[in-house]
Protein chains: 2
Amino acid sequence: MTNDPTAGGGDQRPRRRQARGERRMAEILDAAAGVFASAGYEAATTNAIAAAAGISPGSLYQFYPNKQAIAQALADRFVAQLRATRQAAFDGVDFTRLRLAEVLDRVVDPIVAFNIANPGFKALFARPDMPADLTEATQPIQHALHAAVEELIAARAPDLPAAQRRRTTQVSMRIVQAITPLAVAATGAERAATVVELKKVLFGYLEPVIGDAPTAPASRAPARARTRPTSDE
Amino acid sequence: MTNDPTAGGGDQRPRRRQARGERRMAEILDAAAGVFASAGYEAATTNAIAAAAGISPGSLYQFYPNKQAIAQALADRFVAQLRATRQAAFDGVDFTRLRLAEVLDRVVDPIVAFNIANPGFKALFARPDMPADLTEATQPIQHALHAAVEELIAARAPDLPAAQRRRTTQVSMRIVQAITPLAVAATGAERAATVVELKKVLFGYLEPVIGDAPTAPASRAPARARTRPTSDE
DNA sequence: CGAAGATACGAGCACTTGCTCGTATTTGCA
DNA sequence: TGCAAATACGAGCAAGTGCTCGTATCTTCG
């Protein structure tokens, strides 16, 4: 996604890579994820990333022109994984035929799992200490997630005014963003209990709005909510 | 609070200040609050703070020995205000005799108002890009808040297991921390609507735990919850 | 008044950061 | 095998940071 040789008209030819080089680039991203996760974007030094990857600073700059390009490539990698996660959770599922508790299970669990599997993700995306253009890279997927959630709410509560629906969506996403780190930081039973709390919060907030019971009969043909295509990507 | 001449046995005598100097120190903190708010702790430069305060870097260091001391003094100032806010909201109030909706009004509104009145606060306390000892400065007040909330929950739900009570407290506070910035960023009706959403979230989460109705009869003598002294400060 | 100390200045020091450059080694391919 | 390109190195540069220092002015108070 980042090193497409045909992309970027303004750039010089993006240099032929050997298989070894491709591997190095992935290793660098792995190292960068760890360094970003534990230090944040600003505090993470390129020398530290190079050291973590087991190479010299000069070698690092053979593959990425600057620090931001590293973060960008890492962000692209995260975005791709998150997109896949989102698709697995949302696409092809008719949320009008599930109980709210089931909906929450299907949506929350993959998100938590993703954050556990990718420790650097939150550090890179949720921290406020990064250049604006880096934050922009995350916006497509943020928007896609927001749209998916808002669509879910619209399907179950078609009469909710648009402004209120937007607020409900925004608040719900903030809740997930706020509580997920708690679950990630915990382990074992405490982590599971935290996830349960997260779902309780969402249930208590959303139940009055979109109801607990399915809004569509279980034996009907697929409702429109699943066939409406997502607008981005 | 920071420059108590009798405190800090290991330090040299902390220099006699003229009234002018005291004013300068306050001006420096005002300037620092703005710079920290817009740039974050790491990105904020001492030269920028000095410039914002209208003085030279050298003059700045006549009053604060280093950058962290500035942040520390600013944090102390915020903590004092937040403590006053918390006392006004919690002390002398018997939360067992109020409906949950009233409890939320009494607790949430001052917190939101405080965050609106002190834009630098969140920048200094909620950002992850600061030294650990700086974060520690915020812990007394964080703990006091946590204790106050946990006590509130304990008063209304005495049978809740301690571990669950702690989780409920932690999650509730995270929710406030996550949604409050949304309210601060909004204005007018949208801000009010966001605060309403925040209270809805808390109500939906807490109502199954601590109930909506008062847990103590309205005509009794003051219950224990208000007389138990707070342990810190 | 006059001296001690508080306040003020701003060039610049010591250090760190992202990044470069000259050079050496390895790989792919004819 | 030979050679061009890719990979690798690491000392060190330019810029930016927190902070210092020598010096000058202003306040306080005997």
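Just the heavy atoms: all of them, side chains too, but no hydrogens, waters or symmetry mates, feed the values below.
Of all non-hydrogen atoms in B/Val35 and B/Ala44, the two that sit nearest each other are CG1-CB, 3.6 Å. When all heavy atoms of A/Tyr64 and A/Ala73 are compared, the closest pair comes out as CE2-CB, 3.8 Å.
Salt bridge present: A/Glu150 and A/Arg165 bring a charged side-chain N and a carboxylate O closer than 4.0 Å. Under the 4.0 Å criterion applied to side-chain N and carboxylate O atoms, B/Arg20 and B/Glu27 are not assigned as salt-bridge partners.
Atom-to-atom, CD of A/Gln68 to C1' of C/dC19 comes out at 15 Å; the value is rounded to the nearest Å. Going from atom CE of A/Met25 over to atom P of D/dT7 covers 9 Å, rounded to whole Å. Protein atom CD of B/Gln18 is 12 Å distant from nucleotide atom C1' of D/dT25, rounded to whole Å. The CD atom of B/Glu42 sits 12 Å away from the P atom of D/dT17 (whole-angstrom rounding). As a whole-Å value, the separation of B/Leu60 CG from D/dG18 C1' is 11 Å.
Crowding of A/Arg106 atom CZ: a count of heavy atoms from other residues, nucleotides or ligands under 6.0 Å not exceeding 12.
A/Arg174 places no side-chain N or O within donor-acceptor distance of the main-chain N or O of B/Ile179, the cut-off being under 3.5 Å.
Of the side-chain N and O atoms in B/Arg24, none sit less than 4.0 angstrom from OP1 or OP2 of C/dA6. The side chain of A/Arg17 contributes no N or O atom lying less than 4.0 Å from OP1 or OP2 of D/dA5. For D/dT7, the OP1/OP2 oxygens have no side-chain nitrogen or oxygen of A/Ser59 closer than 4.0 Å. Put simply, B/Tyr61 has a side-chain N or O that comes within less than 4.0 Å of OP1 or OP2 on D/dC19.
Nearest-nucleotide mapping onto DNA chain D: of B/Asn66 and B/Ala19, the residue sitting toward the 5' end is B/Asn66. DNA chain C is contacted by both B/Gly21 and A/Pro65; B/Gly21 maps to the nucleotide lying nearer its 5′ end (nearest heavy atom per residue). Nucleotides of DNA chain C nearest to B/Gly58 and A/Lys67 differ in position, and the one nearer the 5' end is that of B/Gly58.
Looking at the side chain of B/Gln62, the nearest of the listed nucleotides C/dT7, C/dC19, D/dC9 is C/dT7. With distances taken from any side-chain atom of B/Phe63 to the nucleotides C/dC9, C/dT7, C/dG28, the minimum falls on C/dT7. Distances were taken from every side-chain heavy atom of B/Arg20 (C-beta onward) to each of D/dT7, D/dG10, C/dT7; the shortest belongs to C/dT7. Nearest to the side-chain atoms of B/Pro57 among the listed nucleotides D/dA8, D/dA6, C/dG10 stands C/dG10.
Less than 4.0 Å separates DNA chain C from at least one heavy atom of each of the following residues of residues 45-55 of chain B: B/Ile55.
Both tests pass for B/Lys67 against the ring of B/Tyr41: distance under 6.0 Å to the centre and angle within 45° of the axis.
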